[in-house]
Visitor: 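For reference, the structure I am asking about is given below.
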Protein chains: 2
Amino acid sequence: MSYANEMPTLQKVARTDAGLAAELRLSVMRLRRRLASERHPDNELSIPQMGVLGVLYRTADALTVGELAAAERVQPPSMTRTVNCLEETGDVVRRPHETDGRQVVVELSDQGRARVIADRERRDAWLARRLKELTPDERAILRRAAPILEHLAQRD
Amino acid sequence: MSYANEMPTLQKVARTDAGLAAELRLSVMRLRRRLASERHPDNELSIPQMGVLGVLYRTADALTVGELAAAERVQPPSMTRTVNCLEETGDVVRRPHETDGRQVVVELSDQGRARVIADRERRDAWLARRLKELTPDERAILRRAAPILEHLAQRD
DNA sequence: CGGAATCGTTAGCATGGGTAATGAGTTATG
DNA sequence: CATAACTCATTACCCATGCTAACGATTCCG
């Protein structure tokens, strides 16, 4: 393989932290890319829109536009716009904040919740099928690896 | 934690393929998100632009606009546009195809190559630092997990 | 009470996703 | 050889979303 020839040191450097870092970064990026491609063909929402639904679902609570913007690492005007689209499609509901007249809170509609769940289930189903093709030993390794990966991702 | 209370079954279902799939998906998505945030502050290229540089770097060859579009899963007009920007910033060079007068080939400039390398090194350095905080046992697990994750990501 | 801070929104610009259309080049066929 | 069909990149248009600047309304604080 020409790729192997271009990067012959990759196999060796996997024994150092730097080498493992490079290998892990590639694996994670690639798997995420593949997961991202498992979209439901009928789901026409964009990635930022699905991202908002995902944040609301994970938080299991209504959030202000500012909180959503912070969670998704965008500026509030961008989030306003994305939420506008989601309100139009009926996936979220906007309402005034209970105590602060400046704020607006956004929450999942039933439709939006169903959409997140369907999207996740589709990805999980694909991944579960791929996992089935592994050996029990390989699966055991991934079982131990998943929480470590999660830990790596946490804010440092 | 309210999250733990909302999803109490997650800990249990990690013993099934479906449960591992959900846990792994979350870990991978979160780590990738964290990796994506490790951008060099001076790098003003967008994610699609960096994606094109990444494809060219990994391929270690010049590609046509169509090939780039396919690699990045976009339509050719979108790729034309992205390449236009990259040509302006001097990160890629466009030239006519050697034998097919319809085609254009795009290749990394020295500047573009340096940019990809710097971007990767920054992410790898961050990840290597996080890896250093793990135990040797945890690192060994990840060493065994990385190629398995890579295998999962491959086209099925 | 007045000024400063906070919040969400609007406006403008740039990028990039799509589709439709186009012109140029290449290939296949009669 | 001429023509039709196919391929390729590009342009045009629309839409979504990233940013910054600006604004009006609300809240906080001295």
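Each chain gets a letter, A, B and so on, in the order the sequences are listed, and its residues count up from 1. Just so it is clear, the values below take in all heavy atoms, side chains as well, and ignore hydrogens, waters and symmetry mates.
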Visitor: Output the rounded distance in Å from CD (A:Glu44) to C1' (D:dC15).
Guide: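 Those two atoms, CD and C1', are 13 Å apart.
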Visitor: Which whole-number value in Å describes the distance from A:Leu45 CG to D:dT17 P?
Guide: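 Those two atoms, CG and P, are 9 Å apart.
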Visitor: Is the closest basic N to carboxylate O distance between A:Arg122 and A:Glu38 below 4.0 Å?
Guide: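 A:Glu38 and A:Arg122: salt-bridged.
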Visitor: To the nearest Å, how far apart are B:His97 NE2 and D:dT7 P?
Guide: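 Roughly 16 Å, once rounded to whole Å.
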Visitor: Find the distance A:Glu98:CD to D:dT26:P and express it as a whole number of Å.
Guide: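 Interatomic distance, CD of A:Glu98 to P of D:dT26: 18 Å.
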Visitor: If you compare every side-chain N and O of B:Thr80 against the phosphate oxygens of D:dT10 (OP1, OP2), does one of them come in below 4.0 Å?
Guide: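 So the side-chain polar atoms of B:Thr80 do come within 4.0 Å of the phosphate oxygens OP1 or OP2 of D:dT10, strictly under.
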Visitor: Can you tell me if the side-chain N/O atoms of B:Gln49 get under 4.0 Å from OP1 or OP2 in C:dG16?
Guide: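 The answer is yes; a side-chain N or O of B:Gln49 sits under 4.0 Å from OP1 or OP2.
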Visitor: Ignoring hydrogens and geometry, is there a side-chain-to-backbone donor-acceptor pair from B:Gln103 to B:Asp100 under 3.5 Å?
Guide: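 Judged by distance alone, no pair lies under 3.5 Å.
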Visitor: Output all residues satisfying side-chain contact (heavy atoms from CB on, under 4.5 Å) with B:Ala62, sequence neighbours left out; order by chain, then residue number.
Guide: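 In terms of side-chain contact (heavy atoms from CB on, under 4.5 Å), with neighbours along the sequence ignored, B:Ala62 is linked to B:Arg95, B:Val105, B:Glu107.
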Visitor: For residues 83-95 of chain A, which residues have at least one heavy atom under 4.0 Å from DNA chain D?
Guide: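 Hits under 4.0 Å, by residue number: A:Cys85.
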Visitor: Has B:Ser46 got a side-chain N or O lying under 4.0 Å from the OP1 or OP2 atom of C:dA14?
Guide: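 False: B:Ser46 side-chain N/O out of range (4.0 Å or more) of C:dA14 OP1/OP2.
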Visitor: Applying side-chain contact (heavy atoms from CB on, under 4.5 Å), name anything that partners B:Asp137, two or more places apart in sequence or on another chain.
Guide: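 So B:Asp137 forms a side-chain contact (heavy atoms from CB on, under 4.5 Å) with A:Arg144, B:Thr135, B:Ile141.
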Visitor: Under the rule for side-chain contact (heavy atoms from CB on, under 4.5 Å), what residues qualify as partners of A:Arg94, not counting sequence neighbours?
Guide: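 In terms of side-chain contact (heavy atoms from CB on, under 4.5 Å), with neighbours along the sequence ignored, A:Arg94 is linked to A:Thr80, A:Val83, A:Asn84, A:Glu87, A:Val104, A:Val106.
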Visitor: If you round to the nearest 0.5 Å, how far is CZ of B:Arg115 from CG of B:Leu45?
Guide: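 One finds 4.0 Å between CG of B:Leu45 and CZ of B:Arg115.
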Visitor: Applying salt bridge (Lys or Arg N to Asp or Glu O under 4.0 Å), can you list everything that pairs with B:Asp61, at least two apart in sequence or on another chain?
Guide: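 By the salt bridge (Lys or Arg N to Asp or Glu O under 4.0 Å) rule, B:Asp61 matches no residue at all.
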Visitor: May I have the distance from A:Glu72 (atom CD) to D:dC19 (atom P), rounded to whole angstrom?
Guide: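 The answer, rounded to whole Å, is 11 Å.
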Visitor: Quick one, give me the B/S/- string for nucleotides 17-27 of chain C, reading 5' to 3', where B means a protein heavy atom under 4.0 Å from the base and S means that only happens at the primed atoms, P, OP1 or OP2.
Guide: BBBB----BS-
Visitor: Mind calculating the distance between CG (B:Leu68) and C1' (D:dT10) to the nearest angstrom?
Guide: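 About 15 Å, once rounded to whole Å.
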Visitor: Which heavy atom in A:Ala128 sits nearest to a heavy atom in B:Ala21, and how many Å separate them?
Guide: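 Taking A:Ala128 first and B:Ala21 second, the nearest heavy atoms are N-CB, 3.7 Å.
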Visitor: Testing the basics here: between A:Asp124 and B:Ala22, what is the closest heavy-atom pair and its distance to 0.1 Å?
Guide: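 Heavy atoms of A:Asp124 and B:Ala22 come nearest at OD2-CB, 3.4 Å.
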Visitor: Would you say a side-chain N or O of B:Thr64 is under 4.0 Å from OP1 or OP2 of D:dA9?
Guide: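 It does, given that an N or O in the side chain of B:Thr64 lies less than 4.0 Å from OP1 or OP2 of D:dA9.
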